[in-house]
Every structure is written in structure tokens, then in C-alpha cells.
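Convention: sequence-line order gives letters A, B, ...; per-chain numbering from 1. Just so it is clear, the model here is predicted, and its values are computed rather than measured.
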Amino acid sequence: MPELPEVETTRAGIEPHLVGEVVTAVKAYQRQLRRPVSARLATALKGGMFESVTRRGKYLLLKSGRGSVIIHLGMSGSLRLVAEGVVLEKHDHVEFFLASGGSLRYRDPRRFGLVLWTAKDPLQHPLIAKLGVEPLAAAFDADYLHSIAQQRSVAIKQLIMNGQVVVGVGNIYASEALFRAGVHPARAAKRLSRARCERLVSAIRAVLSEAIKQGGTTLRDFYNGAGEPGYFKQRLQVYGRGGEPCVSCGAAIRQTVQGQRSTWYCGRCQR
DNA sequence: CAGTCGCCCTGCGTGC
DNA sequence: TGCACGCAGGGCGACT
């Protein structure tokens with residue numbers, strides 16, 4: 001489900017309700033996610049207070065005085081704050097009980113996500129330490145992308161979806177950014193000029209920023225921490241629009257598959 | 001090292 | 001109505 005805008009929307013939604021909250025208990029109803037839920041999570045976090053809720057790429061970092069919870073939402077994960085006594089839904093796998101009443105619930109039907117505990121700096125965790133740059137940070141610029149792209153023969157779409165290069169760009173926003181930049185998704189990365197890298201960087205930043213403002217994209221089951229959908233779906237120009245006319249030139253939007261993921265693009269506007 | 005592919009899992013829409 | 005199939009917002013790890 002979630003790419004950077006959806007994770008950021010989730011983060012912003014839960015942060016004000018979690019910071020300063022003491023965790024009274026943690027229950028894992030299903031430990032088998034992409035990796036098992038950390039065995040020490042419940043005992044280590046109990047009695048601790050959440051100090052911050054931050055994000056690195058698509059990872060959420062819930063820092064307490066004793067260590068941090070690292071959460072990844074995978075394809076279908078979500079976090080929701082619920083009042084006391086609300087019945088558990090199917091696929092609610094982990095629940096953090098809060099001293100002021102209520103709880104934070106992690107739900108993930110496909111179980112591709114993660115709920116891990118680390119007593120150390122979460123940014124040093126093996127899954128996080130080698131991540132690429134944040135797309136909305138100054139370090140993500142034309143020089144950076146071009147210098148990497150020049151050495152790679154993969155399709156540019158797969159390059160911008162590679163978390164070791166730049167984090168947070170998933171299948172929806174990759175297609176959307178390439179369309180805005182006029183770049184064909186299958187073009188070899190090394191065949192992108194610096195000028196076109198610059199356009200692509202701008203497009204990625206713009207599409208992610210706009211999506212964050214809209215509260216993310218709800219295709220079917222993404223909801224923010226309070227249960228509300230995101231509104232960026234109405235702004236999608238190519239994703240999921242195979243056969244429909246291009247908003248710019250009217251040609252039919254094409255669908256193809258790259259790296260086992262669907263890609264949508266305009267064969268006339270994107271080169 | 002870079003690139004490709006299989007796979008983890010459940011749910012939903014489509015077509016027979 | 002039921003069933004088989006393909007596809008879905010991600011990313012790791014094994015292989016070439």
C-alpha cells in the first residue's frame with residue numbers, strides 16, 4: 001500500500017497522539033510478518049514513553065527512552081489509533097496500549113511489513129543504514145541522480161524505485177514522476193542526460209510533495225492514523241489508466257511490466 | 001558488483 | 001454460486 005507520502009501521512013497522523021505517551025503493554029497477535037515481530041519488543045518497551053515519531057524512507061521510527069520500534073508497512077500495512085474497547089479487526093497483528101487509554105494498532109493483511117525493536121540507534125539498523133537519500137532532501141539533486149544513473153544499465157523506473165539510490169518512490173509515484181518528466185520508463189538509466197535527470201528529480205519531488213499535501217493516495221485500503229483516505233488518486237495521470245487518453249496528447253496510455261511491477265506511461269509524451 | 005527472478009501472504013475482481 | 005487465475009501500494013535473498 002504505502003509509498004513515502006502514505007507513510008508520511010501516517011507518521012504525521014499518529015505523532016501528536018503518541019509523543020509523551022507511556023506504553024503500558026504490547027501484544028502481538030501474529031508474529032509472522034516479513035520477519036518475526038521482535039521477541040523482546042513487549043518487555044523492552046513496556047513502561048517506556050514515546051519521545052518522537054520519525055520516518056526514514058518508508059520506515060517509521062517510534063523512539064522511546066529504552067529503544068525504538070521500527071515499523072515498515074509493506075504492501076498492505078496500516079497503523080491506526082483506536083479508543084479503548086474497539087473490537088480487533090482481522091489482520092490486526094500488533095497492538096501498543098497507551099497509558100491515557102486507547103491503543104495503536106498495526107494491521108497488515110498480506111504480512112509483508114515489519115515490526116522490529118532495537119535498543120540502538122535505529123538509523124544504524126542493517127535494514128536502514130544503507131538506504132539511499134531522501135527524495136525531499138537537498139542531497140537528492142540532478143548531480144546525484146545523474147552520477148549514479150550514468151553507471152547503470154537498468155531501466156530508469158527500476159533505478160528510481162531502488163531504495164539504495166533514493167527512498168520512498170514506489171510503483172505509483174515512479175510512473176507518475178516519469179510521465180511528468182517526459183521520460184520513458186524503460187529507458188536505460190545511463191542514457192539519461194543530466195538535463196533530463198534534473199527534470200526527473202524535480203518531478204519526483206513535486207509528485208511526492210503534492211501527494212503528501214493530499215494525504216496520500218487511497219486506491220482501496222489506505223487510511224491515515226485517524227481512518228481517513230488520501231485524495232491524490234484524483235491527480236494520478238497514468239497509474240492504473242491503461243487505455244485511457246493521455247491528459248497531455250490524447251494517445252492511449254500503455255501498460256507494461258518491469259521487474260514484475262506494472263508500469264503505465266504515454267508512448268508519445270515519454271521518450 | 002550489477003541485474004534478474006522467485007517468493008513471502010491475503011484479498012479482490014474477472015471470466016468461465 | 002463456485003472456482004481458478006491474475007494482480008495488488010514492497011523488498012529481500014538466491015542466483016547468473
Side-chain angles (χ1 to χ4, degrees), chain A residues 1-11 29-37 55-60 70-79 89-94 106-116 125-132 135 147-178 186-191 204 207-208 211-212 214-224 229-236 238-243 255-264:
Chain A
M1 155 218 312
E3 302 183 37
L4 187 147
E6 292 74 39
V7 177
E8 177 57 26
T9 297
T10 299
R11 189 204 65 75
Y29 309 108
Q30 164 63 273
R31 312 197 81 93
Q32 297 310 307
L33 305 181
R34 193 172 99 211
R35 292 182 182 192
V37 174
R55 177 188 60 73
R56 174 74 174 99
K58 296 174 189 166
Y59 289 88
L60 285 166
I70 298 172
I71 296 176
H72 194 289
L73 302 176
M75 286 278 255
S76 59
S78 59
L79 284 169
E89 281 183 69
K90 193 175 181 185
H91 307 303
D92 281 342
H93 302 318
V94 183
Y106 172 84
R107 180 171 188 270
D108 187 2
R110 292 179 73 180
R111 291 193 268 133
F112 286 178
L114 293 170
V115 179
L116 301 175
H125 189 280
L127 289 171
I128 295 174
K130 42 187 179 118
L131 291 177
S147 67
I148 292 175
Q150 270 186 314
Q151 308 163 242
R152 308 287 290 269
S153 57
V154 269
I156 187 62
K157 185 198 180 214
Q158 285 162 276
L159 188 77
I160 61 175
M161 287 181 69
N162 183 341
Q164 316 275 299
V165 176
V166 56
V167 294
V169 183
N171 207 34
I172 295 179
Y173 302 114
S175 281
E176 293 298 312
L178 288 161
R187 173 172 285 269
K190 59 170 61 163
R191 298 193 57 247
I204 289 169
V207 76
L208 294 177
I212 290 169
Q214 296 294 312
T217 299
T218 297
L219 294 180
R220 49 201 305 196
D221 58 4
F222 169 73
Y223 299 95
N224 66 17
Y231 298 103
F232 195 73
K233 184 177 179 184
Q234 301 148 243
R235 311 280 188 97
L236 298 178
V238 289
Y239 182 88
R241 309 193 86 141
Q255 180 178 4
T256 185
V257 175
Q258 296 179 272
Q260 301 162 229
R261 312 295 297 276
S262 282
T263 300
W264 288 269

Checklist entry - Got a donor-acceptor pair under 3.5 Å from the side chain of A:Q158 to the base of B:dG3? => result no
Checklist entry - Could a donor-acceptor pair under 3.5 angstrom be found where the side chain of A:R111 meets the base of B:dC9? => result no
Hey, does the side chain of [X] come within less than 4.0 Å of [N]'s phosphate (OP1/OP2), counting only N and O?
X	N	answer
A:H72	C:dG11	yes
A:S153	B:dA2	no
A:R35	C:dG13	yes
A:K90	B:dG11	yes
A:Y239	C:dG9	yes
A:R152	B:dG3	yes
A:S76	B:dC9	no
A:R261	C:dG9	yes

Checklist entry - Looking for any heavy atom pair under 4.0 Å, which part of the strands does A:R220 touch: base, sugar-phosphate only, or nothing? => result base
Checklist outcome for this item: For DNA chain B, the dot-bracket notation using Watson-Crick and G-U wobble pairs below 3.5 Å, [ ] for pseudoknot-type crossings and | for other-strand pairs, is .|||||||.|||||||
Next on the checklist: With the six-membered base ring of B:dC8 as reference, does the ring of A:F112 sit under 5.5 Å away with planes under 30° apart?
Outcome noted: yes
Item to check | Exam field: side chain A:R220 to backbone A:F222, donor-acceptor pair closer than 3.5 Å | outcome: no
